[in-house]
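Side chains are part of it too, since the values below use all heavy atoms of this structure and drop only hydrogens, waters and symmetry mates.
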Amino acid sequence: MTGSAGTKATTEKVSEGRALALDSFMRLLARKPFERISLGEVADEAKMPLAELRAAFGSTFDMLSGFLREVDSKVLAAPTDDMEDEPARDRLVDVLMRRLDVLAPHKAALRSLMDSARRNPFFALALNKLSVRSQQWMLAAARIDTAGLKGAVRAQGLALVFGRVLQTFLSDDDPALARTMAALDRELARGERALGLIEGAVCLATGRRGRRGTASLAAPETPVPPDAPVMA
């Protein structure tokens, strides 16, 4: 019993340390570029020993990954039963708007990340990988298939869509987010128009014939431009 209680206390301490470190990391990110944030600075900001920080995270990039996992979890925890009978696109819009609500308190940090990605294409690629993983979960939350190569194409396409929408979101001070919602609708429409070409490529690669009229989402018509890094 004593061992069990001790293990539980240790787990709770690590969990609290993760939350404290993430909050501190995001505050620093709002003030300075990602590439200039050191592990020692995060520990100082969190007022925690380096040993405790190491128990929670392996690197500052690990903290960024942890932040996005936290965002995913908050979006996925919201009930979606009221959207079950809605079209796939409406379900996805609902999920992505909930994601933007979760990201809203961190706009300064997100702007900082985008600036770093513009300066460093390798960092932008790493952010894209994190974003694709998150968007797989967003598709799952919207009850859109994420299996196989077709699912991977959808996730990458949605990551590109969300990266473009995020740029509008970061400059949208309207509480109703009218510009952001319009951008989301526009970018999803672009993705749907491109689906015919993407669907054919996926079916060729997998040896299956695509069905016409499938309600799916894939990559936008053009790759994301250098000034629109994909993330979050």
Side-chain angles (χ1 to χ4, degrees), residues 14-75 96 99-138 152 155-173 180 183-184 187 219-220 222-232:
V14 171
S15 180
E16 291 173 1
R18 284 182 62 87
L20 181 59
L22 278 182
D23 287 344
S24 301
F25 170 72
M26 294 305 290
R27 286 198 302 271
L28 285 168
L29 188 56
R31 303 198 300 260
K32 63 191 305 185
F34 172 84
E35 60 271 20
R36 289 174 51 197
I37 299 174
S38 70
L39 294 168
E41 285 179 296
V42 178
D44 290 343
E45 181 78 15
K47 295 180 173 58
M48 64 191 300
L50 276 172
E52 288 186 20
L53 182 63
R54 181 62 184 90
F57 294 102
S59 65
T60 51
F61 193 81
D62 191 20
M63 294 173 202
L64 179 56
S65 178
F67 167 71
L68 292 179
R69 283 197 300 271
E70 289 293 321
V71 172
D72 296 345
S73 296
K74 289 177 181 178
V75 176
L96 294 182
R99 187 173 188 84
L100 291 173
D101 286 341
V102 175
L103 291 171
H106 305 286
K107 282 189 174 183
L110 296 178
R111 290 190 193 98
S112 176
L113 276 178
M114 280 192 158
D115 288 342
S116 292
R118 290 187 183 101
R119 290 190 295 269
N120 186 337
F122 294 103
F123 183 56
L125 287 173
L127 283 181
N128 176 70
K129 185 175 180 179
L130 294 182
S131 183
V132 169
R133 183 176 64 188
S134 288
Q135 295 308 330
Q136 286 178 320
W137 287 103
M138 299 303 98
Q156 178 63 81
L158 188 56
L160 295 173
V161 165
F162 194 73
R164 288 193 176 106
V165 172
L166 198 63
Q167 291 186 98
T168 301
F169 169 70
L170 293 178
S171 62
D172 190 353
D173 297 325
T180 300
L184 179 57
E187 294 299 338
T222 55
V224 65
D227 63 343
V230 179
M231 49 79 63

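- For Arg119, the CZ atom counts as densely surrounded, since its 6.0 Å shell holds more than 12 non-hydrogen atoms of other residues, nucleotides or ligands.
- A donor-acceptor pair under 3.5 Å links the side-chain atoms of Ser112 to the main chain of Leu29, judged by distance alone.
- Around NZ of Lys74, the count of heavy atoms belonging to other residues, nucleotides or ligands within 6.0 Å does not exceed 12.
- Side-chain contact between Arg133 and Arg69: present, with at least one pair of heavy atoms (C-beta onward) separated by less than 4.5 Å.
- Aromatic ring orientation, Phe34 versus Phe25: perpendicular (interplanar angle above 60°, classes split at 30° and 60°).
- When the ring-ring contact (aromatic ring centres under 6.0 Å, His included) test is applied to Phe57, no partner is found at least two apart in sequence or on another chain.
- Side-chain contact between Asp101 and Val75 is absent, with no heavy-atom pair separated by less than 4.5 Å.
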Given Lys32 and Glu41, is the salt bridge (charged side-chain N to carboxylate O under 4.0 Å, His left out) satisfied, shown in steps? CA-CA 11 Å; Lys32 63 191 305 185; Glu41 285 179 296; 2.5 Å; yes

Candidate pair Gln156 and Asn128, rule side chain to side chain contact (heavy atoms under 4.5 Å, CB included), full reasoning: CA-CA 8 Å; Gln156 178 63 81; Asn128 176 70; 3.0 Å; yes

What verdict does the side chain to side chain contact (heavy atoms under 4.5 Å, CB included) test give for Leu96 and Val165, after you've listed the backbone C-alpha separation in whole Å, the side-chain angles of each residue and the deciding distance to 0.1 Å? CA-CA 10 Å; Leu96 294 182; Val165 172; over 6 Å; no

Side chain to side chain contact (heavy atoms under 4.5 Å, CB included) evaluation trace for Leu127 with Met114: CA-CA 9 Å; Leu127 283 181; Met114 280 192 158; over 6 Å; no

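- Under the side chain to side chain contact (heavy atoms under 4.5 Å, CB included) test applied with Glu45, the options Leu28, Ile37, Asp23 reduce to a single match, Leu28.
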